[in-house]
Every structure is written in C-alpha cells, then in structure tokens.
Amino acid sequence: MTVPVRTRFAPSPTGYMHIGGMRTALFVWLWARHNHGTFILRIDDTDQQRNVEAALAPIFRAFRWLGLNWDEGPEVGGAFGPYFQSQRTHLYQAAVEKLLAEGKAFRDYDAPEQVAADRAAAEATKQTYLNVRRSLDLTDSQRSQFDEEGRPHVVRFLVPRDRKVAIDDAVRGHVEWDGALMPDPVIMRSNGSVLYNFATVVDDAQMQITHVIRAEEHLTNTAVQALLHQALGNSLPVFAHIPFITAPGSTKKLSKRDVEKLRNSPQLKKMFDRADEVFPQLGLGNSTTLNPVMVEYYERLGYLPAGILNGLSRLGWSLDDKTEILPLDTVIENFTLDRIVKAPAGFDTEKLQSYQQHWMNQLPLDQKIDGCLPYLQQTKLIADETDAVTRAHVGRVLAAMADRLKVFSDILDFKEFFVADETMPFDEKAFQQRIRDAAEAPGLLRSLREQLATVEPFDAPTLDALVHRFVETNGIKIGQIVHALRIATTGRAQGVGLFDALSILGRDRCLTRLDRTLAAI
RNA sequence: GGCCCCAUCGUCUAGAGGCCUAGGACAACGGAUUUUCAGUCCGUGAACUGGGGUUCGAAUCCCCAUGGGGUCACCA
C-alpha cells in the first residue's frame, strides 16, 4: 500500500513573496501534483507579528497569480487545521509535556547570561559548544523551590549524545550527524512559546506530511528535527533539501539585501531601471518598493505565469538534455526529486526573460489585449470603460507590435497610438537630426503630405507602395523620407513598422501630426 | 573555527564507466534579412577545479587537496 503524498510549504508572513521561496514552493507543489497528492500551506507565524494578515496578502497573491493552488491551509481549511502556527499552541504544549514526562526534555533554569558565558568559553578554547546540563543535576527540592520562586526557565530537548542521526535525503542522499556534537536545542522559550524547529516537527507529524521539501539552509536543522520525531514516536518523513538560488553573478544566496547591493550589476540594472520607468506610471512606487526578488515585481510588470513558471522550473531541474520550453502540465507529469540538481543555481534574469518572450509570443491576440488594457487604463491612455472600438484599436497596435511586446507593460512604450495628436511629444533629438537638420526633409514631407491626403485606401500595403513610388519619382533614397515621416507621425525614431503605424493612426491623425511637424520646423 | 552540503562552457543544464574529438539553451561575438527598433535565419568562440588511485577504459567510482556555500539564537 502506498501512502498518499502530502507536502507542505510553510512561509512566514514577511510582507512579500521571495522569488527563491516561490521556486521552492513550486517544487513542493509539483511533487504533490505529480503524485496526485495534497499540497498544504501552513503559516509559520510563531513570532507573532502585528499585522499577519497584511503581511500574508502578497504571499497568497503570488500563489494565486501563478496558479499554485493549495488543498489545505488558510482560506480553504482542511482536516488538519488550524493552519496558523500561532493557533496551534495547545499541540506544541502537549508535545513538550510528553517529552518532559518521558525524560526526553528538561527544564533549564540557567540564566541567559550563564549560557552566553558557556558559549563564549567554548569559543575561546575553540571547542565545539555544548550546553552545560546543570539543571539536570538539580535535586527535586531545588527544582520545586525554583518553581515556587517563579524562576524563569526554558525547555531543552535532551539530545542523545551517544549516537548518530541519519537521514536519506531524496536529493542529497545519506547525510548523518553525530549527537555528541549537538547542543540541546531550546524547544520552549521562558514565556511558554515554542520555537520553529520544534513546532515544525509537531506540525509535520500531525499533518501527516510525507515529504518535507524545503530549501537547503534547513539541512542542518534536520538533525534536530529527525531526533525530535524519533523522541515523539513519529515515523520520519522523507526529506528533500533543494539548493537555494544565488543572486545573479554571485555565489551567495539570493536575498532582498543582496539584490539591493547588486542593483548596479549589468544584469539587474535593467530590471531596476524598468521598474523605475513603469511603476511610477502605475502608482506602484518604484524599484525600491518592488524589486526583482519579489514575485509581485513580475506580476505588476505584466509577466506571464507561464514564463515565470517555466523559468523557475528550469532553475535546478531539467527534463532532459534539450527541452527548454515546458508547459506546467509537462513539468507536473515529469517532475521527480531525483532530477533536482544538487548545486545552487544562479538566478539568471536574462534566461527568464527568454522564457517569458516565448510564452508571450504564443499568446493569442485576444489575451494580449486583455493583458494590456489595464496598463492603458491605469495610465489614463484609454478610458476605464472599454468599448469594441478601443479594443480593436489596441488589437491593431498589438498586432503591429508583434514580438516587441515582451511583457504587458511594454505597451506603455507605444504611447504614440494613444495620445492626442495635438499634444503628442516629439523626440527632440530625433526631430532635430532627421527633420530640421536634414535639408530636404521638410520639402519632402510637405509633398508627401499632399499624396497622403488623397491616397486610397489608407492601409499598409498601399502606403508602402505609395512611399516607394514617391522615392523613385523624387530620385531619393528611402532612408531620406522614412525616418522623417516616422518622427513626424509618431514622435519617435523607433517603433513598429512605419506603414503599420500610419495605417493604425489613420489618415486624419497622420495629417494632423504632419501639420504640427511642418509648423514646428 | 566546528558540523554539514556542493563542484561540467560567463549562466542554466545533459551526462548515472566505453554512445563524449562532452550535447542543448540563455548570454556573447560574426554574418544575412530590414525603413527604425524588436525579431528571424546561419555561423563562431566557450567547460569536465587539481592530484592520486580503481579499471583494458573515467566528466562519470574511491581518497586527498583546493575552492565555493549553508548553518551554528529563548529567528524563521
């Protein structure tokens, strides 16, 4: 009989979802889905923050955005709740009592200063620090006296120092530690609350977690946790420690602080700059409020879940020797723990970008429109109420943009199709170079304007033919007119295909803009 | 420093003794296409950390060294 797989991800309410944490969560989720098992979300809020709800919102938001649904946890409930550690104290208390009663844990009355001194002494002599078990030698009367005095104490788990602990990690293989080298960990504070390392063990057992999949930094904790499970009479879950993600161009774990330090690295600079360009327009702050370690950065910039998921899946995992493009279904079907790479993976934002581009290019036009409309609305480039005409216009712009749309917010780089003709800004430098400084440009534009006024129909192929004929008739090179025409009608030196741009704008708007240009020379 | 983990192109990775004169992707570089930009197509350069074993044969197994990293709280 095989036991149904139950996995969990246990975030603490930090106020944002870390992209590396998201990768871990994805792997945990993937393993559950691959096995048709259960994925549980459990909130590690043992250190009682003030505003758990607000700090949790971005985390739930990230899961929802990527479509990583949880089967048990906050908001959905489940048979093993509550799913907030802060509401499970009775379970922890009971477990502590049990260990105490069985002599597997003890009350430690040593003052914190005493413990610190012990530690310092060990360090001074370069010895492995082991807590001194003074309280174990207390007589019963001394102990009851201490309790009567209300002397503060912690509860420590009594590590069996005469043996080793070992686990068979699903990604790292056999790992073992020597109990003789492990200090007795505090499992309950003097205020009666328990520590994470202990709560996790109690929760994993009570929630019948079969696979503890988490980041590598927890590997060391596992020694204590395995011992604790044994002491509590639990069977051991399968552990799988996946490597963390390193910051781009670094060998160190990707952290929020790290990324701030790297904001001027070649790779990340673009990401920060883009945030500073786009987020202010949307009223979302800037690269300080939302940076590339946060999942929300990608969501707000208009990345696709498929792109992020593909990128995250390939960070420390691969299907085979050549498949890069992976729809989620394919990953679910093929995801196994033994294919997780043991070494840390560098977070490569450019590769992420390439997955994103692929998935964006796959997206049907209609969905591109849906994705872009909110950006145009939030920046007042179009009205909040979109009618069919607006929708069609956005569709034409997007069709012309083609591969130029990498993320939805890129639509904001093509404002020329949405701003009023009378106030459309001109790129001054380009205007100077291609129109004012190009001796023949004004005359050519004037004469071309006459032909544009009457040409029928006003569509891209016709305009294309018209301009080429114009070039021939006037004995000029095409470069002598297209640049000027582009700047005159769109205000910019770059953009979509010129004739697409003209036809999208339509005759009237083109003429108006041309007139403005001619008047500005 | 103790304990633990890790080690293939710049980066993500394939590789579980002969299929490897080490494959793919991103990035880089060169060329082609082009009215700009984006793209597309073709091509180029680029790696098994070092040293010992084991073996007929090692990127693959073992040992040592080196390097990188994680962790050592009444944080999670």
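Keep in mind the model is a prediction, meaning the values are calculated, not measured. Convention: sequence-line order gives letters A, B, ...; per-chain numbering from 1.
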Atom [atom1], compared across [N] and [M]: separation rounded to whole Å:
| N | M | atom1 | answer |
| --- | --- | --- | --- |
| B:rU54 | B:rC62 | C1' | 7 Å |
| B:rU11 | B:rU49 | P | 12 Å |
| B:rU35 | B:rU44 | P | 28 Å |
| B:rC63 | B:rG24 | P | 33 Å |
| B:rA25 | B:rA14 | P | 15 Å |
| B:rC20 | B:rC3 | P | 42 Å |
| B:rU34 | B:rG39 | C1' | 11 Å |
| B:rG57 | B:rU40 | C1' | 45 Å |

Tell me which nucleotide, if any, is Watson-Crick or G-U wobble paired with [N] when both distances must be under 3.5 Å.
| N | value |
| --- | --- |
| B:rA65 | B:rU49 |
| B:rU11 | B:rA25 |
| B:rA73 | none |

Worksheet item: Taking the six-membered ring for Trp, are the ring centroids of A:Tyr83 and A:Trp70 within less than 6.0 Å of each other?
Response: no
Give a yes or no on whether a salt bridge exists between [X] and [Y], defined as a side-chain N under 4.0 angstrom from a carboxylate O.
| X | Y | value |
| --- | --- | --- |
| A:Arg492 | A:Asp427 | no |
| A:Arg133 | A:Asp184 | yes |
| A:Arg274 | A:Glu277 | yes |
| A:Asp204 | A:Arg42 | yes |
| A:Arg88 | A:Asp45 | no |

Worksheet item: With a 4.5 Å heavy-atom cut-off, do A:Leu158 and A:Lys104 have their side chains touching?
Response: no
Worksheet item: Any side-chain heavy-atom pair from A:Val115 and A:Pro112 closer than 4.5 angstrom?
Response: no
With a 3.5 Å distance limit and no angle check, can you tell me whether [X] reaches the backbone of [Y] through a side-chain donor-acceptor pair?
| X | Y | result |
| --- | --- | --- |
| A:Ser250 | A:Thr246 | no |
| A:Ser409 | A:Leu301 | yes |
| A:Ser503 | A:Asp500 | yes |
| A:Arg513 | A:Thr489 | yes |

Does [X] make a cation-pi contact with [Y], if we ask for NZ or CZ under 6.0 Å from the ring centre and within 45° of the axis?
| X | Y | value |
| --- | --- | --- |
| A:Arg156 | A:Phe106 | no |
| A:Lys368 | A:Phe408 | no |
| A:Arg23 | A:Phe27 | yes |

Item to complete: Would you kindly give the OH-to-P distance between A:Tyr129 and B:rC74, to the nearest whole Å?
Response: 8 Å
Item to complete: Between protein and nucleotides 35-40 of chain B, map the contacts as a letter string: B base, S sugar-phosphate only, - none, heavy atoms under 4.0 Å, written 5' to 3'.
Response: BBBSS-
Fill in: Pi stacking test for A:His218 and B:rA76: under 5.5 Å apart, planes under 30°
yes
Worksheet item: NA contact type, A:Arg434, heavy-atom cut-off 4.0 Å: base, sugar-phosphate, or nothing?
Response: nothing
Discussion item. Once you apply a heavy-atom cut-off of 4.0 Å, does A:Gln353 come out as touching a base, just sugar-phosphate, or nothing?
Written reply: nothing
Could you pull out the protein-nucleic contacts involving nucleotides 6-9 of chain B (nitrogen or oxygen on both sides, under 3.5 Å)?
none

Provide a list of protein-nucleic acid N or O atom pairs under 3.5 angstrom, restricted to nucleotides 61-63 of chain B.
none

Please write out each protein N/O paired with an N/O of nucleotides 20-25 of chain B under 3.5 Å, distance rounded to 0.1 Å.
residue: B:rG23; atom: N2; partner: A:Asp321; partner atom: O; Å: 2.9
residue: B:rG24; atom: N2; partner: A:Arg314; partner atom: NH2; Å: 3.4
residue: B:rG24; atom: N2; partner: A:Glu324; partner atom: OE2; Å: 2.8
residue: B:rA25; atom: O4'; partner: A:Glu324; partner atom: OE2; Å: 3.4
residue: B:rA25; atom: N3; partner: A:Lys351; partner atom: NZ; Å: 2.7

Worksheet entry | Closest-nucleotide ordering on RNA chain B, the 5'-leading residue of A:Val115 and A:Ala345 | A:Ala345
Discussion item. Please compare A:Leu181 and A:Ser318 by the position of their nearest nucleotide in RNA chain B and report the one closer to 5'.
Written reply: A:Leu181
Worksheet item: Of A:Arg214, A:Arg172, A:Lys342, which is the lone residue that meets side-chain hydrogen bond (donor to acceptor under 3.5 Å, both in side chains) with A:His241?
Response: A:Arg214
Donor-acceptor pairs under 3.5 angstrom involving side-chain atoms of residues 264-271 of chain A: please list them, not counting sequence neighbours.
residue: A:Ser265; atom: OG; partner: A:Leu262; partner atom: O; Å: 3.0
residue: A:Ser265; atom: OG; partner: A:Leu268; partner atom: N; Å: 3.4
residue: A:Gln267; atom: OE1; partner: A:Thr349; partner atom: N; Å: 2.7
residue: A:Gln267; atom: OE1; partner: A:Thr349; partner atom: OG1; Å: 2.7
residue: A:Lys269; atom: NZ; partner: A:Asp273; partner atom: OD2; Å: 2.9
residue: A:Lys270; atom: NZ; partner: A:Glu350; partner atom: OE2; Å: 3.0

Worksheet item: Using a cut-off of less than 4.0 Å, is there contact between a side-chain N or O of A:Arg119 and OP1 or OP2 of B:rA73?
Response: yes
Worksheet item: Is the distance from OP1 or OP2 of B:rC74 to the nearest side-chain N or O of A:Ser190 less than 4.0 Å?
Response: no
Practice prompt. Strictly below 4.0 Å, heavy-atom distances to any atom of RNA chain B: list the hits from residues 267-274 of chain A, or just say none.
Written response: none
